[in-house]
Amino acid sequence: MAMHGMRGLSVFISDIRNCQNKEQERLRVDKELGNVRTRFKNEKGLSPYEKKKYVWKMLYIYMLGYDVDFGHMEAVSLISAPKYPEKQVGYIVTSCLLNENHDFLRLAINTVRNDIIGRNETFQCLALTMVGNIGGREFAESLAPDVQKLLLSSSCRPLVRKKAALCLLRLYRKNPDVVNVDGWADRMSQLLDERDLGVLTSSMSLLVALVSNNHEAYWTCLPKCVKTLERLARNQDIPQEYTYYGIPSPWLQVKTMRALQYFPTIEDPNTRRTLFEVLQRILMGTDVVKNVNKNNASHAVLFEALALVMHLDAEKEMMSQCVALLGKFIAVREPNIRYLGLENMTRMLMVTDVQDIIKRHQAQIITSLKDPDISIRRRALDLLYGMCDVTNAKDIVEELLQYLSTADFAMREELSLKAAILAEKFAPDLSWYVDVILQLIDKAGDFISDDIWFRVVQFVTNNEDLQPYAAAKVKEYLDKPAVHETMVKVSAYILGEYSHLLGRRPGCSPKEIFSIIHEKLPTVSTTTIPILLSAYAKILMHGQPPDQELQNQIWAIFNKYESCIDAEIQQRAVEYFALSQKGAALMDILAEMPKFPERQSALIKRAEDAEVDAAEQSAIKLRAQQQTSNALVVTDQLPANGAPPPVPVGALTLVKVPSMTSDEDHSSTDLALSHENGILSKVDPQPPSADLLGDLLAPLAIEGPPGATVQSEHNSVSGLEGGPDAVDGSAIVAIEEQTNTVQPIGNIAERFHALCLKDSGVLYEDPYIQIGIKAEWRAHHGRLVLFLGNKNTAPLVSVQALILPPAHLKMELSLVPDTIPPRAQVQCPLEVVNLRPSRDVAVLDFSYKFATNMG
């Protein structure tokens, strides 16, 4: 900061540094802010020097963490100053204090443009730097052509051109329409021939953004990228200032390889051969050294090269070399390198024919489970889980069981689930599977979900040969003095069904089995007692003719729980007591459970639904995931294919239909799965247009609105009586005016039926808006989110939404914004409390106006 001669500013900074505590600092800051505010009110008496000094003070106070809610106009006004010191202050302070949506920035657009198109390179750099940091859509529309001219100008110095490239990157991210894809492919190819590495690095950042949205238009840039990478790898013509610890411009190498990962393949054999030679050189030339900075740079290049090798599906020999190199990295002492080695080895599992090579490092990976760093332990667990198959499942699961006793509580649930899934998928025999699950329950009962022990029961029930073995094993665990409640559940169930198969073994008479189970009754919760009561009834049934003493004991227990406050326990006690008095007929009533129907394992399905690890995503999805936004209003960054015609839009209403009978087969609403942004989500199987809401949390991906003439007979809804759309439940109905020709897109009834069966999806869609719902329920309390997506390049205005709940629902909808910005998504939370069962539905009254048609 050029603050030479500003005595007042120096004194203020010195006073702040001399404060003894935070309270003194706050008092001094408040005093200074009051002084600055007073001086700004008398702005006519301020000289440029004084204004500059006070604005510097505001910036320093802001850097200390205090709010500065005034003086913004003074900072912006300094941008138009003719002299460099004042202009520099204006640009720097404006960049720090304001954001892209601030109204004051609009006042500076013309001044910034004049600086950009002027001949003063210093002013050009200041303007480009500010726009590159806080430029928004308005800046993009006004300044993009001038910035492009600067970037392509041969008369500008490299310093200005590289700032222009980064500025254009910012503008492109805010408004992709500023770059004409057809005309920019040749220009980008021309920029990649640049000899200056500063301009080339900035241009490569711009190329990465361009190809991430549309690689098809930039195929001509691919050979230039390979040529650039070859130049860097051979260290040809690399200035010293761009060499970092002996590595030629590692940032440019990483960006170039990242850009190459957006192209699906390299067809030209010469280009492909050159690229693999460069990658081979990178793989062979990287090693672990003592210098941390050099390690960081060299490994950044190396791991990007590994990602590119996997993306290009290189020959097996190179893949083997990559795995061997990663195997060396997971054995070093540096934790960051070990972590990256494990993470990239997990990604290598996606590549065919390398699993056997990865298995050679199994011992070292298991050792990483005991690493002090929990992030390394998690990566090691993920890798072991991914590399497991029939040949090594036994060893890996046994290691996981041993590690379970000492594992952090934060990892035990994930560890138990993965061990259970591996045991089920790769069990050499069912007895081994039962042993593993029982050990899991014994060692980590608090982290075992019901799905795990349910699955054991299914296997035991469906395999007669396994039943005596399972009954004997659970009896051994129940003999222990301290047993987890989950073990009591599974043991009581299995012994109740199959303890009679152990009748000839010592200690396994019905009376002894009952005694073992009954010892655990005082220690269990009310959710487990019904299972124990069922076990008692089964034991009594298997003991026909009954042992009188045993029968009296069990009847006494049933009598005790006949007055229990828990309805489930009370009902079982009453019914079992009545059934147990039927004598021999009890054998037929309480016969063994039939076999369970064959179906997909809930555990494996749960694992498939949850697997969104980075190792299972392509490089393109990885990059896209890094750019997602969690803001309530998410603006689309993809170019529009066209704007819809100016058609007035009426209101949309969720209408309750009286008829509640329908023979319609809802199986047609089978759900399809989409893997978007790394999240496995459920979507409608028959979307008529691009899904604006995606997985309801992803950024917009609009391919342009369909024409207003899109309509079909079964989609048009004109009333509630007759016709195929008079179905049970609810429907969205377009309340059309005489001038309204817009029809809903898709079958409204099918959309509603689909949402009756799942928690998220599209509720309504027309050429202008898409309304989606995502719901989450806890008992009778629900939290819903309405997703309102504007599909157009013009805003939707006069937006109104009203919820009319039935008597059994309490509903509270948050404030709906009056305007939905162009190509943006708005989220509106909705709290719901269901007071009692009912078939009545709520009514959503929704309306909006299309801005371009307003008078």
List the residues meeting side chain to side chain donor-acceptor pair (under 3.5 Å) with [X], not counting sequence neighbours, and say none if there are none.
{"X": "D450", "value": "W453"}
{"X": "E216", "value": "W219"}
{"X": "S189", "value": "K224"}
{"X": "S95", "value": "none"}

According to side chain to side chain contact (heavy atoms under 4.5 Å, CB included), who are the partners of K810, at least two apart in sequence or on a separate chain?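 K810: side chain to side chain contact (heavy atoms under 4.5 Å, CB included) contacts with V833, L835.
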
Apply side chain to side chain contact (heavy atoms under 4.5 Å, CB included) to E138 and list each qualifying residue two or more places apart in sequence or on a separate chain.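 Side chain to side chain contact (heavy atoms under 4.5 Å, CB included) list for E138, sorted by chain: R106, I109.
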
Please name all residues satisfying salt bridge (Lys or Arg N to Asp or Glu O under 4.0 Å) with [X], sequence neighbours left out, ordered by chain then number.
{"X": "E100", "value": "R170, K174"}
{"X": "R783", "value": "E831"}
{"X": "D69", "value": "R37"}
{"X": "E414", "value": "R378, K418"}

So, using ring-ring contact (aromatic ring centres under 6.0 Å, His included) as the criterion, who are the partners of H808 when residues are at least two apart?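 Once residues adjacent in sequence are excluded, H808 has no partner under the ring-ring contact (aromatic ring centres under 6.0 Å, His included) criterion.
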
Considering only distance and modelled atom types, tabulate donor-acceptor pairs under 3.5 Å from the side chains of residues 129-136, sequence neighbours left out.
| from | atom 1 | to | atom 2 | distance (Å) |
| --- | --- | --- | --- | --- |
| T129 | OG1 | C125 | O | 2.7 |
| T129 | OG1 | K163 | NZ | 3.4 |
| N133 | ND2 | T129 | O | 2.7 |

